[in-house]
Amino acid sequence: MAGYTREQINRWNAKLSNGFQLDLHYLMIWNEKRAVRNIKLPDGRTLQASISWVEIRDGFRYSGLVQPEMHLSVWTPTSNGLMSSSGMGATVKLTEETFTRKVWNELARFTAAWSDEQIIAEAKKHDKALNNPFVLGA
């Protein structure tokens, strides 16, 4: 597992906009940086938006290219104080542009385009997927 300094984390967070932050848990587990934003909903649940790189594939082959993608999920508080999420959530392709490397500055640039209102509006478009308690639709 790689080690990171508080200075590095602060520098990475400084490049993000609209309340997004570096997902430290994801960084420690997968050693990859992604931006995450949690939005409290009026019903007590939390809408989570995360922006990360996804590999572009040609069938089963990796093409050597990546694209930024936003993943949306809804988290519900449980009786023991933890949060749970059901289903697979929803993904939003942020651009048709492809990149040859996973560059943090490029990923951070996409956070500037997504305010809370825009994230909530996008989540409403994917309401069925976000509120589906099953992995495979019914």
Side-chain angles (χ1 to χ4, degrees):
M1 177 170 67
Y4 301 99
T5 65
R6 175 55 58 189
E7 182 182 313
Q8 287 175 300
I9 292 167
N10 290 342
R11 206 170 49 243
W12 293 328
N13 273 329
K15 296 177 188 228
L16 301 175
S17 304
N18 289 325
F20 278 88
Q21 292 185 328
L22 176 67
D23 187 341
L24 292 175
H25 180 261
Y26 197 81
L27 179 65
M28 291 295 127
I29 299 297
W30 299 105
N31 197 28
E32 284 192 26
K33 295 184 286 259
R34 77 174 182 176
V36 68
R37 172 82 176 107
N38 293 315
I39 302 168
K40 285 282 192 196
L41 300 175
D43 61 4
R45 299 182 305 162
T46 300
L47 172 63
Q48 184 179 75
S50 60
I51 298 177
S52 59
W53 293 108
V54 293
E55 297 175 346
I56 305 301
R57 297 193 173 269
D58 180 18
F60 290 108
R61 291 187 180 150
Y62 175 54
S63 68
L65 301 172
V66 292
Q67 271 184 322
E69 177 180 272
M70 182 166 60
H71 181 262
L72 301 171
S73 57
V74 175
W75 293 81
T76 305
T78 63
S79 60
N80 60 3
L82 298 174
M83 302 287 278
S84 71
S85 181
S86 299
M88 297 292 286
T91 58
V92 178
K93 186 186 272 191
L94 299 179
T95 182
E96 293 295 324
E97 184 180 2
T98 58
F99 298 82
T100 56
R101 294 178 40 225
K102 298 176 182 180
V103 179
W104 180 248
N105 291 348
E106 289 294 331
L107 192 74
R109 183 173 54 93
F110 288 98
T111 63
W114 291 94
S115 66
D116 287 1
E117 295 78 23
Q118 291 167 310
I119 293 169
I120 291 170
E122 190 65 34
K124 287 179 181 176
K125 292 179 190 175
H126 301 281
D127 188 53
K128 186 174 180 179
L130 291 174
N131 292 302
N132 184 359
F134 304 102
V135 173
L136 298 174

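If you read the sequence from its start, that first residue is 1, and numbering goes on from there. Quick caveat, the model's predicted, so the values are computed rather than measured.
- In this structure, I56 shares a hydrophobic cluster with L65, the cluster being traced through Ile, Leu, Val, Met, Phe, Trp and Tyr side chains under 4.5 angstrom apart.
- In this view, D58 satisfies the salt bridge (charged side-chain N to carboxylate O under 4.0 Å, His left out) rule with no residue, not counting sequence neighbours.
- Minimum interatomic distance between G89 and A129 (heavy atoms only, all atoms of both residues): O-CB, 3.7 Å.
- Cluster membership check: L16 shares its hydrophobic cluster with I39, using side-chain heavy-atom separations under 4.5 Å among Ile, Leu, Val, Met, Phe, Trp and Tyr.
- Residues passing the side-chain contact (heavy atoms from CB on, under 4.5 Å) test with T78 are N80, L82, S84, sequence neighbours excluded.
- Partners of N13 by side chain to side chain donor-acceptor pair (under 3.5 Å), not counting sequence neighbours: none found.
- Nearest heavy atom pair, residue V74 against residue L130, reads CG2-CB, 3.9 Å.
- Checking each of H126, Q118, K124 against E122 for a side-chain hydrogen bond (donor to acceptor under 3.5 Å, both in side chains) leaves exactly one that passes, namely H126.
- For the residue pair W12 and W104, the shortest heavy atom distance occurs at O-NE1, 3.1 Å.
- No side-chain heavy atom of L107 sits under 4.5 Å from any side-chain heavy atom of K33.
- Shown here are the salt bridge (charged side-chain N to carboxylate O under 4.0 Å, His left out) partners of R57, two or more places apart in sequence or in another chain: E55.
- Closest heavy-atom contact between A35 and T111: CB-CG2, 3.8 Å.
- With sequence neighbours left out, the side chain to side chain donor-acceptor pair (under 3.5 Å) criterion links N18 to no other residue.
- Evaluation of the side-chain contact (heavy atoms from CB on, under 4.5 Å) rule for E7 yields T5, R11 as partners, not counting sequence neighbours.
- By the 4.5 Å heavy-atom criterion applied to side chains, W114 and R37 are not counted as neighbours.
- The salt bridge (charged side-chain N to carboxylate O under 4.0 Å, His left out) test applied to D127 returns no partner, not counting sequence neighbours.
- Side chains of M28 and Y4 form a contact here, defined as non-hydrogen atoms less than 4.5 Å apart.
- M70 and L41 fall within a single hydrophobic cluster, where Ile, Leu, Val, Met, Phe, Trp and Tyr side chains are chained together by heavy-atom contacts under 4.5 Å.
- Sequence neighbours left out, the pairs with a member in residues 59-77 that pass side chain to side chain donor-acceptor pair (under 3.5 Å) are S73-W75.
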Determine all donor-acceptor pairs shorter than 3.5 Å in which one atom belongs to a side chain in residues 92-103; sequence neighbours excluded.
unit_1, atom_1, unit_2, atom_2, d
T95, OG1, E97, N, 3.1
K102, NZ, E32, OE1, 3.4
K102, NZ, E32, OE2, 3.3

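- Checked against side chain to side chain donor-acceptor pair (under 3.5 Å), N10 has no partners two or more places apart in sequence or in another chain.
- Applying the salt bridge (charged side-chain N to carboxylate O under 4.0 Å, His left out) test to pairs two or more places apart or on separate chains, those with a residue in residues 14-23 are D23-R34.
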